[in-house]
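Before any comments, here is the structure.
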Amino acid sequence: MSRTTKASAVAILIGIFALPLLAQSSSSTAPLDGSSAYYLLHHPRALAKFLDMSGDQTKQLLGFWKTLQTTLQPLYAARDPLCEQLRTDLAAQPPSPPAVGDDTIALFDNKQQVRDAWVAYNTSVEGILNPAQVISYETLEDLASGTDPDFNVIGNCPAPKA
């Protein structure tokens, strides 16, 4: 056996024994936290990869995501004016409780519409997943719920513009 053949055989053997170790170390990731789960839930291609979705599932997911974004865009756009109106009514001397109440209810309604859009999206997504994927998806939702501003009741008004 020539020196080159021996070296190739040794390299192949080392590769054969090392590959499982390399695969194990690269596939074992740190446990997901709320922010990682939030990221996955807000980036459909990353979510599809994480859940190991088929091409058809991914295509459907992207369609659901587009519908969600179309629904959320006007709701998010309305949030700043609603918050500004609440700030204005709170700053009035004296503040009018009915006006402040109406502003708060309008903000709450906006938030509820955002939540409803997410619920519809999540229901659609879960409808295309297999049982193992559903468990993973629901786990992501649970992890992300504490970091997701869309699931706070009112809050999340942007800071006033200076």
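Numbers here are sequence positions counted from 1. None of the values given here were measured: they were computed from a predicted structure.
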Any residue meeting side chain to side chain donor-acceptor pair (under 3.5 Å) with [X], in chain and number order, not counting sequence neighbours:
X	answer
Q85	D89
D109	none
D103	none
E141	N122

Interatomic spacing from [atom1] in [X] to [atom2] in [Y] - rounded to 0.5 Å:
X	Y	atom1	atom2	result
Q69	H42	CD	NE2	8.0 Å
L40	L51	CG	CG	8.0 Å
L72	R79	CG	CZ	9.0 Å

Donor-acceptor contacts, no H, no angles, side chain residues 55-62, under 3.5 Å, sequence neighbours left out:
unit_1 : atom_1 : unit_2 : atom_2 : d
Q57    : OE1    : S54    : N      : 2.8
Q57    : OE1    : Q133   : NE2    : 3.4
Q57    : NE2    : I128   : O      : 2.7
Q57    : NE2    : Q133   : OE1    : 2.9
T58    : OG1    : S54    : O      : 2.9

Pairing residues for Q113 by the side chain to side chain contact (heavy atoms under 4.5 Å, CB included) criterion, not counting sequence neighbours: L75
Let me check something: do Y76 and L68 share a hydrophobic cluster, defined by ILVMFWY side-chain heavy atoms less than 4.5 Å apart, either directly or through other members? yes
Under 4.5 Å between side-chain heavy atoms, counting indirect links through other Ile/Leu/Val/Met/Phe/Trp/Tyr residues: same cluster for I135 and F50 or not?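 The answer is no; the residues belong to distinct hydrophobic clusters.
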Check whether any side-chain heavy atom of V125 sits under 4.5 Å from a side-chain heavy atom of W65, and report yes or no.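 Answer no - side chains too far apart.
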4.5 Å side-chain heavy-atom contact, Y38 and L143: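 The answer is no, as the side chains (C-beta and beyond) never meet within the 4.5 Å cut-off.
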Contact summary for P95 and L90, nearest pair of heavy atoms: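 For P95 versus L90, the nearest heavy atoms are CG-O, 3.6 Å.
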Determine the minimum heavy-atom distance between W118 and L41, stating which atoms define it.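 Residues W118 and L41, closest heavy atoms: CH2-O, 4.0 Å.
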Run the side-chain contact (heavy atoms from CB on, under 4.5 Å) test on L47 and L140 for me, step by step, so that the C-alpha distance in whole Å, both residues' side-chain angles and the decisive distance to 0.1 Å come before the verdict. CA-CA 10 Å; L47 177 64; L140 287 174; 3.6 Å; yes
CZ (F64) with more than 12 external heavy atoms under 6.0 Å: yes
